[in-house]
Amino acid sequence: MTKFNGAALRGWAQKSLLIVAILAAPAAYSEVAPSDAPSGKPGTLLGNYLSGRMARGDHDTIAAAEFYSKALAEDPGNEIILEQAFLLEAASAHWDRAIPLAQELVKIEPSHRIAQFLLGCDAFKRGDYKEADEHFAAARQGPIADLTSTLARAWVEEAAGKTDEAFATLDSLSDADWAQFYQRYHRALIADVAGKHDVAGQAFAQAFKKNPSTLRVADAYARHAVNENNRKLARQTLKTHIAKSSPHPLSEALLADIDAGKVPALLVVNPADGLAEVFYGIGDALAGEGGLDMGIIFLQFALYVKPDFPLAYVALAEAYEGAKKYDLEIGAFNKVDKDSPLWLNVQIQKAFALNSLDRVDDAKVLLDQLTTIYPNDVRPYDALGNILRAHERYGEARDSYSRAIALIGKPTRDNWTLFYSRGVSNERLKDWPAAESDFKQALELSPEESLVLNYLGYSWVDQGRNLKTAMDYIRKAVKLKPDDGYYVDSLGWAYYRLGNLPAAVENLERAVELKPDDPIINDHLGDAYWRVGRTLEAKYQWQQALTLKPEDEQVVTLKQKIESGLAVPTETKAAAERTQTGQKGL
């Protein structure tokens, strides 16, 4: 099983709706080095500038902001450095520095959309809605900026008491599906804030019908319904959403509150919440589609407008995870309060971030604490098993998976990963009977899982057992994922072990094409080449495998092969004889 699915915590928007707009949006900025800087040494203009560029390329926004600020102090008239310093201060949420830089930037470049967005947010927070509208209007440049500007201006108009004007502004959006999604959603939110609950109900119904799997739409619609004394609609909305999407702690907690007779507040209760929702939704979508830098800035704008916004902190943390800035990811997770329904999931993700920082024992301590706080919850045990298994601590991992399995009672299809993961741990501990039992249980729960099919099938081939079924499993795994180099390698290596060398070469060549940087796959192809007499190509593949950072044990074996080639092992001869005497169909 891979790491805990952090994306399930977002569930905000159908991100594919934004992909066309993202691809069409102009670049936020371009950059060239200052031509008049004297040198690249540390402490010089060019040195600070180049250090800032390197830090920015590594997504280390805080360090990059410091370097660009130093460079700007030495060359305050440099527009390029000014822009970079502003963007990085905004990404770092250093508002006391970012806002003055934005003010300077728009004097030089009035259409700079990111600077205008920040100045619009600042004016909105000060209650100067006329100025906020002017800044947001000036930010319209490109599909994403135009969408953001229109939504933001609608909320400014609502804040100024101009609900009809807000609706008219929303109606000016493009007819494209991705724009209409936001139009319907924010129209419903504005109508609820303005007390026009009939209008809100109609807009929510349209938005939910189009996007029932979108968390924020379902959450807002259910809250609207229960506040309109329609608990049946609220429950049905959430149940439909949960059935069409991954389980989410927010929707599950909301449903529990409604079932308990509570009346949860509207999702957006004032225009500030609405404006934050604009930047959160688009920022999360941008980050999810690969626009990490702009996504982070938009999420920071959402938190500037509404500091108490747990889901925005989660989205920001996940953006940092995508940038491999795990310390910043942990910092964002730490902003989520313990009373939030997100807290347990956030702590599990935090443990994976600690693991990514090689703080495995800290991750284990955190997850052990969670198992004490939530003794009947499977997820901390599962996460702990995954982390320990990744570090080859198979005995501890197996124990953790076993505790999780003991909690689930009668297993369901969703539990197949626990049995698969424990099976891998048992196999690595050389307890094959227990491993085989786990793999069979995983397949019984979910027969189409390529991971299990491949692992069990290959293991049987390696042992010379259940050969027909084993090959059927491996072929099925390859059919399910024909471009997975590891599965194609398994198929090729199975043919090799069975003595069907032409099929082995064909499949292993394909596997190397798919995963050229894997040392084991290159090693396998070398072995197959040697067996069919292509000895020069075999040594090339072994040499190639040596350059791909193989494990120490494999390094020794590869060097021996390069030096002496391969002897013909007894099991390969026997496998070849079996193939020649009636098992060619394998």
Side-chain angles (χ1 to χ4, degrees), residues 1-5 378-379 381-498 504 507 511 515 518 520-521 524 551 571 575 578 583 585-586:
M1 180 178 173
T2 56
K3 78 168 281 188
F4 182 83
N5 184 9
V378 169
R379 290 169 292 175
Y381 289 111
D382 186 18
L384 180 58
N386 291 340
I387 288 173
L388 294 171
R389 179 163 60 93
H391 289 276
E392 300 183 359
R393 293 164 63 169
Y394 297 116
E396 295 171 272
R398 177 179 61 184
D399 292 344
S400 192
Y401 292 130
S402 294
R403 291 189 181 98
I405 288 169
L407 289 173
I408 62 178
K410 184 178 180 180
T412 66
R413 179 172 181 171
D414 291 340
N415 301 131
W416 73 268
T417 56
L418 290 172
F419 290 95
Y420 167 77
S421 300
R422 190 174 70 173
V424 172
S425 300
N426 278 320
E427 188 270 335
R428 297 301 172 88
L429 291 167
K430 302 188 185 305
D431 186 353
W432 175 248
E436 185 178 45
S437 176
D438 281 333
F439 291 140
K440 286 181 175 179
Q441 178 70 68
L443 274 185
E444 183 179 332
L445 294 172
S446 189
E448 301 296 311
E449 297 301 336
S450 57
L451 273 173
V452 191
L453 291 164
N454 179 67
Y455 208 117
L456 181 56
Y458 180 81
S459 297
W460 277 338
V461 167
D462 211 36
Q463 298 166 24
R465 300 175 54 226
N466 304 325
L467 296 178
K468 186 177 186 309
T469 302
M471 290 300 290
D472 287 344
Y473 280 2
I474 297 172
R475 289 194 190 99
K476 187 175 181 180
V478 172
K479 185 177 180 180
L480 288 168
K481 292 189 176 181
D483 293 328
D484 189 306
Y486 296 115
Y487 295 170
V488 177
D489 171 67
S490 290
L491 183 60
W493 193 240
Y495 279 127
Y496 176 88
R497 294 300 301 268
L498 292 169
N507 283 280
K515 293 292 296 183
D518 187 274
I520 293 175
I521 297 176
H524 284 170
E551 298 292 334
E571 61 268 25
R578 287 198 301 272
Q583 296 193 35
L586 297 177

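Source: prediction; values computed, not measured.
Not a single donor-acceptor pair under 3.5 Å links the side chain of Asp399 to the backbone N or O of Glu396. Remark: the backbone N or O of Ser421 is paired with a side-chain donor or acceptor of Ser425 at under 3.5 angstrom. Not one N or O on the side chain of Ser437 forms a donor-acceptor pair closer than 3.5 Å with the backbone of Pro433.
Inter-residue side-chain proximity for Asp484 and Asn454 is flagged as unmet; no heavy-atom pair is nearer than 4.5 Å. Counting heavy atoms from C-beta outward, Asp438 and Tyr401 have side chains that stay 4.5 Å or more apart. Residues Tyr420 and Phe439 meet the side-chain proximity criterion, which asks for heavy atoms closer than 4.5 Å. Proximity of Tyr487 to Asn507: side-chain heavy atoms (C-beta onward) are nowhere separated by under 4.5 Å.
When all heavy atoms of Ile408 and Ile405 are compared, the closest pair comes out as CG1-O, 3.0 Å. In plain terms, the two heavy atoms of Ile521 and Gly485 that are nearest each other are CD1-O, 3.8 Å. Nearest heavy atom pair, residue Trp460 against residue Leu467, reads O-CD2, 4.3 Å. Of all heavy-atom pairs spanning Val378 and Leu418, the tightest one is CG1-CD1, 3.9 Å. Scanning both residues, Ser400 and Gly385, for their nearest heavy atoms gives OG-N, 3.5 Å. Here the closest heavy-atom approach between residue Asn415 and residue Leu445 is recorded as C-CD1, 4.1 Å.
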Intermediate values then yes/no, side chain to side chain donor-acceptor pair (under 3.5 Å), Thr469 and Asp472: CA-CA 5 Å; Thr469 302; Asp472 287 344; 5.4 Å; no
Leu451 and Trp416: CA distance, side-chain angles, deciding distance, side chain to side chain contact (heavy atoms under 4.5 Å, CB included) verdict: CA-CA 11 Å; Leu451 273 173; Trp416 73 268; 4.2 Å; yes
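Among residue pairs with one or both ends in residues 441-450, those qualifying as salt bridge (charged side-chain N to carboxylate O under 4.0 Å, His left out) are Glu448-Lys476; sequence neighbours excluded.
Separating the CE atom in Met471 from the OH atom in Tyr458 is a distance of 11.5 Å, to the nearest 0.5 Å. If you take CD1 on Ile387 and CG on Leu384, they are separated by 6.5 Å, rounding to the nearest 0.5 Å. Of the inter-residue distances, the one linking Leu456 atom CG with Ile474 atom CD1 reads 9.0 Å to the nearest 0.5 angstrom. In this structure, CD in Glu436 is found 4.0 Å from NZ in Lys440, a value given to the nearest 0.5 Å. One finds the NE2 atom of His524 at 5.5 Å from the CG atom of Asp489 (value rounded to the nearest 0.5 Å). For the atom pair Glu427 CD and Trp432 CH2, the distance stands at 6.5 Å (nearest 0.5 Å).
The salt bridge (charged side-chain N to carboxylate O under 4.0 Å, His left out) test applied to Asp483 returns Arg510, not counting sequence neighbours.
Note: Trp493 and Tyr496 meet the aromatic proximity criterion, with ring centroids under 6.0 Å apart.
There is no side-chain donor-acceptor pair under 3.5 Å between Arg403 and Tyr381.
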